[in-house]
Amino acid sequence: MLWAWLACAPEPDLVPLDSPRLLRRVSLDLRGMLPSQAELDAVEKDPKALNGIRADYLEDPAFQERLVQIFAERWHTRVESYYIFHTEFQHLDSPEMEHPFEASIGEEPLRLLAHVVAQDRPWGEVVHADYSFANPLLASIWPLAWEEGDVGWQKTYYTDGRPTAGVLSSNGLWWRYQTTLTGNNRGRANAIARLLVCDDYATRQVDFENLPPLSDEAALEAAIKNVPTCTSCHATLDPIASTLFGFWLSVQDSATELSTYHTEREAMGPLLLEVEPAWFGTPVRDLEGLGHAISQDPRFSQCAIQSMAEATWRRPVDPVQDLPRMQALQQVYGAHNGQLKQVILALTQTPEYQAGAFGVGATDQQRETERTTRMLTPAQLTVSIEDLTGFVWMDTGFDQLDNDKLGFRTMAGGVDGVNTTVPLHTPSLSTTLVAQRLAEGAAFHVMTGEPFALGGLLEGADLASRPGDRDFDAVLERLVWRTQGVRPDKEQLQDLGTLWLDLRALDGTSTLAWQGTLSALMRDPAFLSY
Amino acid sequence: MLSRRQLLAAASAGLMLPLIGNGSGTTKRRLLVIYAMGGWDPTWVFTDVLGHPSFFYDQSAQMAEGQAGLPFVDSPDRPAVRTFFERFGAKTSLINGMRVPGLTHPAALKLLMTDSNAPSAPDWASLIAAHASELELPLVVSSGPIFPGPHGAQITRLGQSGQLVKLLDGTALAGSALAAEPLDVSASDAVDAYLSERASQLPESAFTQDYTRALDRVAQLSRLQDQLDLSIEYDEDLSVAERLRPALDCMEAGLSRVVSTAHMGFRSGWDHHSGIEQQSGHYQILFTDLVDILDSMERRPGLAGGSLLDETAVLVCSEMGRAPIVNGAGGKDHWVFTTAMLIGSGVQGGQVIGSYNADFEGQAIDLRTGLVDAQGSLFDSGHLGATLCELMGVPQPAQINGKAPLEAILS
């Protein structure tokens, strides 16, 4: 009944996508890739089939991979610079290991978050869990339990006696969010508040003009303790920071120092900050206690729901306008023991999510805020193109749509977590060029394989096929259907046929004609948007 | 660099839309923004705290005057600073005591660049570029931060290691682990023509409009490749001035209205909670680059007869300042008052506007005169945005909340 309300609450100004395009959106959002032709066919035949397919998507391993991408956009841990380089580790000292090193570190906490959601664990486990996730690279540099021969990302455990507090105990989070000698973990405490309860101290209005003169460090420390302007933040920020001194560094460029938890330094927090550990007034014993206190904070679930709504709606949540929707989603969360997967399912049924166009009565505000068209992110492009063609754009060990040193992550509209913190939602010159070269590379890859063989992308046609031939047109129609979720009309097929002939005329080969036509399909506005 | 003859030839062929001379002056001024990332310490160059009993300052420094009497903090360790002020003081104004009320780098950067915490608020560079959407490359990001808001379509990134050129000429695929080749120019043109037609057949939307515009821009930039050398040999030691060369080429050619870049100093940024003396090295590198950049802009022809510098305003700023006192680690912590420099076209140079008080806090100023005035306004990032909008002739965005520009700095 609640879901029915979520799905059917009156939003007459938003026109929903038709079923195949909605399936495509759901598939891209939940798995990062296009739906299969069979799934499109099923939904075309019976729109209600979407419900079952969507349920299957949520159990697909690709869903967990997709969640890693979704969390990366918000947690900003996938940066490309840490205190130490891969060259610090002898076995990683090669150019090909630079990207895997940087990507793996930032991915550790994201893997835990994704696991909790995908495996129907209560969301609170992200700050309770006694486990983390690692791949062979991380297992080779950090104190983690690891079975020789294990491959890929695996659930694992730290062996250095650190507290068990889920992502709060992960090296990956604190390699990304470092602290300074005088910052005393306050920046890290703010990262916790921002990421887990959506309370960013850094955005609070502070009346700096009415501070007393801060002419020396003693005056500054006194102000933090006594001046209302300061205590309004520090009274709650410092007790959080006080729990984090096991990650305190005596030197910043030592691999051992960075990799290991320092139990003996936990007591430094209360000493240096002169406050006992606490979470917004609730005393806690240590980092584990902090995790439990966070999970009991009502803002913890609200923030998780808000973050998921923003990820699926691709826009900020408005605290006033969206309040009824957020309250309904909160009930879904509560009814399912804090399983965020159920919240995501409910979100995909909301009118905001399903909107494909504005109705005549749409308000200016709706037109300004709602996203009826979304642009594929670099991660969605990567996965979709690989799924479609088998092409993966790697260069010297760098995933080219997942880095900015050699590659094109932000140029393709993605987030680097430092200079670019919000994804691009509309095509630019840079995104267009990245899409062009990716599509051309993928098309080349297809045509140098066996595209006409059974299971090939062009199965059913051959090099002798020509526009107007039944086999040729059938392949084109299938490709448009698969890549765009739209049945091509006669004119579109004719235009594609004309393009194919124009390309063939250039060198007299069908190979070039197909290569160019395939690249066009993978650059089509209806492919790049969803 | 594009020669004047090449430029005119390209323009006459309809490949470029020159800015200056094609409309009213103020609306066509260009903007270069340089962000000193990490929070600079104004006491090393911009403001006199020498001899202060409790502030930490450069003991080797003394006050000096540059061109037009512009005062600066001089030191034999930073000869480039002296060179800059002696050569460009008359074109430069300092704004001391600017308030950017963010204590963390991300928050302060967002406020400096947008005067807003809202994720959707665009930065000044994107906002101004949005009013030059008729150009091929309204905003070129050489490096550094960007908050595009709704104006993402106007942004072109050069890439950390010059990736844009590799995308343009197709060599981006050359290193692919799986064999991959781009289409040749003829085939690519055929595909582009199809896609352009295809986009026009889809229901009109902001997405299809931006898609079509981006296709056009790629085509125009591709055609200009022979005349416009965007390539550059990147390595770690390449200076910001050298990295900016392709972006300035775009500006000179009338393709771009705004260019932005980060400046990381001599290593990985200006954020010194320990070792504050390293600010000296950062400033030396920054001002070496500034001299090179302004030199280059003076040598480059503008589109209205003068130099590119005559037609371009340059903003150099940092997201925060640093506390006046040194901390226990020999560094300086974050401070919500900082300094900005405005240089070049439209700027009344040779001025120090605003001031720090005895506690190193910004003092209120009269925005019309630039003089300290207790009844005036504390200059902040919103006023900076308003000033840039006025300078560039674009309407103020709502995020500024109607703040007044700093009239005193406008020539």
Side-chain angles (χ1 to χ4, degrees), chain A residues 180-183 187 190 200 202-203 206 208-209 213-217 316 373 375 391-396 404-408 410-411 419-422 424-434 436-437 440-441 444-445 448 495 499 502-503 506 512 515-516 519-520 523-526 529, chain B residues 54 101-104 106-107 117 119-120 137 144-146 148 152-153 155-157 159-161 163-164 167-168 170 172-173 175-183 186-187 190-191 194-195 197-199 202 205-208 210-211 214-215 217-218 221 273-274 325 327-329 331 333 336 359:
Chain A
T180 62
L181 284 174
T182 50
N190 185 47
D200 189 349
T203 62
V206 179
F208 290 103
E209 285 72 57
L214 303 176
S215 52
D216 58 49
E217 200 163 14
T373 306
M375 186 168 75
F391 182 68
V392 183
W393 195 357
M394 299 290 292
D395 188 334
T396 326
D404 291 298
K405 288 185 174 174
L406 293 180
F408 314 102
T410 53
M411 294 181 83
N419 286 320
T420 307
T421 52
V422 179
L424 211 56
H425 296 294
T426 195
S428 70
L429 185 148
S430 315
T431 67
T432 299
L433 275 170
V434 176
Q436 177 184 343
R437 297 313 180 192
E440 290 175 353
F444 182 89
H445 178 73
T448 50
D495 289 346
L499 170 65
D502 289 346
L503 290 163
L506 292 173
L512 176 65
Q515 190 180 328
S519 78
R523 296 174 59 199
D524 194 285
S529 63
Chain B
S54 54
L103 283 172
T104 67
N117 291 319
S120 55
L137 313 169
I146 191 81
I155 297 169
T156 299
R157 295 171 183 273
Q160 281 182 25
S161 52
Q163 290 98 317
L164 183 73
L167 288 168
L168 265 176
L173 287 169
S176 172
L178 291 172
E181 290 180 9
L183 293 174
S186 303
V191 171
Y194 163 81
L195 290 172
E197 178 65 21
R198 165 90 176 118
L202 292 171
S205 69
F207 188 92
T208 53
D210 288 339
Y211 177 92
L215 272 182
R217 284 171 170 159
V218 169
L221 195 58
H273 295 273
S274 59
I325 56 172
N327 62 29
D333 295 326
V336 296
D359 298 316

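Throughout, protein chains are lettered first and strands after them, A, B, ... in sequence-line order, and every chain is numbered starting at 1.
For a residue to count as touching a neighbouring chain, one of its non-hydrogen atoms must lie under 4.5 Å from one of that chain's; by this rule B:Leu202 touches chain A with the side chain only. For B:Pro148, the part lying near chain A is the side chain, with the backbone staying farther off; criterion is any non-hydrogen pair under 4.5 Å. Residue B:Tyr194 touches chain A through its side chain alone, counting heavy-atom pairs closer than 4.5 Å. Proximity to chain A (any heavy atom under 4.5 Å) is shown, for B:Leu168, by both the backbone and the side chain. For A:Thr203, the parts lying near chain B are the backbone and the side chain together; criterion is any non-hydrogen pair under 4.5 Å. Using a 4.5 Å cut-off between heavy atoms, B:Arg217 touches chain A through backbone and side chain atoms alike.
Between A:Phe408 atom CZ and B:Gln163 atom CD the span is 6.0 Å, to the nearest 0.5 Å. Remark: B:Ser176 OG to A:Arg437 CZ distance equals 13.5 Å, nearest 0.5 Å.
Using modelled atom types, no side-chain atom of A:Thr426 and backbone atom of B:Ala153 make a donor-acceptor pair closer than 3.5 Å. Under the 3.5 Å distance criterion, the side-chain polar atoms of A:Glu440 are left unmatched by any main-chain donor or acceptor of B:Leu173.
Note on B:Thr208, B:Leu167, B:Asp210: by heavy-atom pairs under 4.5 Å with chain A, the leading option is B:Leu167.
Between A:Asn419 and B:Ile146 there is no side-chain heavy-atom pair separated by less than 4.5 Å.
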